[in-house]
K.L.:
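My structure is below; once you've seen it, I'll send some questions.
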Amino acid sequence: MQKTQEYILKNKDRFLDELFELLRIPSISADPKHKDDLLKTAEWLKLKMESAGVDFARIDPTAGYPIVYAEKMIDPKLPTILVYGHYDVQPADPLELWDSPAFEPVIKKTKIHPEGAIFARGACDDKGQMFSHLKAFEAMVACDELPCNVKFMIEGEEEVGSENLGIYVKENKEKLKADVILISDTGIIANDIPSLTVGLRGLSYMEVHVTGPNRDLHSGLYGGAVANPINILCQMIASLTDENNHITIPGFYDKVLELSKEDRAEMAKAPFSQEAFNKSIAIPKESGEKGFTTPERTSIRPTLDVNGIWGGYTGDGAKTVLPSQAHAKISMRLVPHQNSVEISKLFENHFKSIAPDTVSVKVVPMHGGEGTVVPTNFPAYIAATKALEKSFGKKPIPVRSGGSIPIVALFEEVLGLKSILMGFGLDSDAIHSPNENFGLFNFYKGIESIPYFYDEFQKIKK
Ligand code: BES
Ligand code: MN
Ligand code: MN
């Protein structure tokens, strides 16, 4: 991979210019106004794949946004890597909290990234990381050092639940045959502490609506005699967790895989500073389920969080109103072996059962998905370990992440394929937040590491 690495170094500025082009397209999948931007991004990727040297690239339509699919099959006897990533991004709101516009990428130096970081929505999640794969591939092809067959499957609906990709995968099992799935959509512990993600949490996402009177009321004329839906919603939400931050939904923990003492001790070896954690997000003190550490709370334990709550009057000044309705979005992160459909049902039943008879309550499940655990003793994982050891000069630590990529569990279920979660982001990259950024170090380290993975994987599969 010598020539490939030299090619990468020689072309690094162009790679960055191209990534900037990609980051300028506001491909926000949650907002239908951006439909054309998503289609434009798919076209852009197809062209880039073609010029990088794939046999063919196409834009496969779905009921939603298309999937960009490409292949390079050099020899049926060689192993095949299926690269997955997503070209859609989260909304940039709240816009006023960005120091520079979300879709006008710029490089700025930061404390964590003294060499500079790319600031833009999608810089890390997932355009920067996904694009690293195209550039690593381009380099290997250009240098005649590609050691494996490659399939690219880049979707445009990851941030809204990957529903159509699920259908696509089920319909294209034959086409998607591979030896492993390779994904860069997660992170490492720190730039000098490489890690590989060996777990993702599942997710159940719900919307709840509480309705009281048939119209907003004068809170003087009616207040005190009519149940206020916002007050009620707050009481209901408050009752979903107890004083130990345990979730009170009956049956919620029934299937949770409890880790052994040994496994927890192993986890505790990964470097973590509570003080640095608190400082990094400016909280006075951490909080969570009693009996568990912060790394455990964010990986091996399920959670329930209100993502948004609205109703009544929220404009300027004061308005004395007793609102007709209150609403909230509530999500639960799940761990092995909780099932998202079951948990959504448990939530719905429980939430309705705690509703007082003074209001009516509607519960709408939004989307969900299952968690994953990646074993650490199969060839692709060992190849990934060796690859990162080469690029970072240090063995990567296996870490379970708290985030979710629901399609990973589906890949295993439908294709029988395990995924290597070889991401290069940092928790401080502010993904989904204002000022999302991705270190130049991280962008280039990804491009450097990927060819090593191909190489090690091919060797280990021989
Ligand atoms: N790339 C993230 C997930 C992630 C980030 C996992 C960092 C591990 C470390 C992905 O794009 C994402 O945001 N997933 C959503 C779920 C999806 C169904 C909306 C999430 O985790 O909230
Ligand atoms: Mn992502
Ligand atoms: Mn995301």
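Basis for what follows: all heavy atoms, side chains included, without hydrogens, waters or symmetry-related copies. What you are looking at is a predicted structure, and each value in this text was computed from that prediction instead of being measured. Each ligand, and each atom within it, is numbered from 1 in the order the structure gives.
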K.L.:
So, for Thr197 and Ser401, which heavy atoms are closest and what is the spacing to 0.1 Å?
P.N.:
CG2-CB, 3.6 Å
K.L.:
Cationic tip of Lys445 within the cone over Phe392's six-membered ring, i.e. under 6.0 Å and within 45° of the normal?
P.N.:
yes
K.L.:
Is the closest heavy atom of Arg201 to ligand 1 under 4.0 Å?
P.N.:
no
K.L.:
With atom 9 (C) of ligand 1 as the reference point, say which of Gly425, Ser401, Gly423, Ser29 has the nearest heavy atom.
P.N.:
Ser401
K.L.:
Using a 4.0 Å heavy-atom cut-off, which part of His432 comes near ligand 1: side chain, backbone, both, or neither?
P.N.:
side chain
K.L.:
Identify the closest protein heavy atom to atom 17 (C) of ligand 1: which residue and atom is it, and at what distance?
P.N.:
Glu158 O, 3.7 Å
K.L.:
Run the numbers for me: atoms of ligand 1, each under 4.0 Å from some heavy atom of His86, listed by number.
P.N.:
11 (O)
K.L.:
Have a look around the Mn ion (ligand 2) and list protein N/O/S atoms under 2.8 Å, or say none.
P.N.:
His86 NE2, Asp125 OD1, Asp185 OD1, Asp185 OD2
K.L.:
Quick one: nearest non-hydrogen protein atom to atom 19 (C) of ligand 1, plus distance?
P.N.:
Glu159 O, 3.6 Å
K.L.:
Above 12 or not: heavy atoms from other molecules or residues under 6.0 Å from CD of Glu96?
P.N.:
yes
K.L.:
Do the ring planes of Phe131 and Phe443 sit parallel (below 30°), tilted (30 to 60°) or perpendicular (above 60°)?
P.N.:
parallel
K.L.:
Hey, is Glu448 close enough to Lys12 for a salt bridge, meaning N to O under 4.0 Å?
P.N.:
no
K.L.:
Parallel, tilted or perpendicular for His246 and Tyr253, by the 30°/60° rule?
P.N.:
perpendicular
K.L.:
N/O of Gln90 under 3.5 Å from N/O of ligand 1, yes or no?
P.N.:
no
K.L.:
Report yes or no: does Asp126 have a heavy atom closer than 4.0 Å to ligand 1?
P.N.:
no
K.L.:
Of all the heavy atoms in Pro406, does at least one lie under 4.0 Å from an atom in ligand 1?
P.N.:
yes
K.L.:
Compare every heavy atom of Leu23 with every heavy atom of Pro105, then report the nearest pair and how far apart it is.
P.N.:
CG-CB, 3.9 Å
K.L.:
Contact between Ile431 and ligand 1, counting heavy atoms under 4.0 Å?
P.N.:
yes
K.L.:
Which one holds for Thr186 and ligand 1: side chain close, backbone close, both close, or neither close, with close meaning a heavy atom under 4.0 Å?
P.N.:
both
K.L.:
Does the pair Arg121/Glu436 count as a salt bridge with the N-to-O cut at 4.0 Å?
P.N.:
yes
K.L.:
Name the orientation class of the two ring planes belonging to His209 and His327 (parallel below 30°, tilted from 30 to 60°, perpendicular beyond 60°).
P.N.:
perpendicular
K.L.:
Near His367, which atoms of ligand 1 are under 4.0 Å from a heavy atom of that residue?
P.N.:
18 (C)
K.L.:
Give me the residue, atom name and distance of the protein heavy atom closest to atom 6 (C) of ligand 1.
P.N.:
Gly403 CA, 3.7 Å
K.L.:
Below 4.0 angstrom, N of the basic side chain to O of the carboxylate: do Glu71 and Lys175 qualify?
P.N.:
no
K.L.:
In terms of side-chain geometry, is the basic nitrogen of Lys362 or Glu207 positioned less than 4.0 Å from the acidic oxygen of its partner?
P.N.:
no
K.L.:
Determine, for Arg264 against Glu296, whether the closest basic-nitrogen to carboxylate-oxygen distance falls under 4.0 angstrom.
P.N.:
yes
K.L.:
In the protein, what heavy atom is nearest to atom 22 (O) of ligand 1, and what distance, to one decimal place, separates them?
P.N.:
Arg333 NH2, 2.7 Å
K.L.:
For atom 4 (C) of ligand 1, what is the nearest protein heavy atom, given as residue, atom name and distance?
P.N.:
Asp185 O, 3.6 Å
K.L.:
Would you please say whether a donor-acceptor pair under 3.5 Å links the side chains of Lys390 and Ser449?
P.N.:
no
K.L.:
In the protein, what heavy atom is nearest to atom 14 (N) of ligand 1, and what distance, to one decimal place, separates them?
P.N.:
Ser404 O, 2.8 Å
K.L.:
Could you tell me how the ring of Tyr84 sits relative to the ring of Phe411: parallel (under 30°), tilted (30 to 60°) or perpendicular (over 60°)?
P.N.:
perpendicular
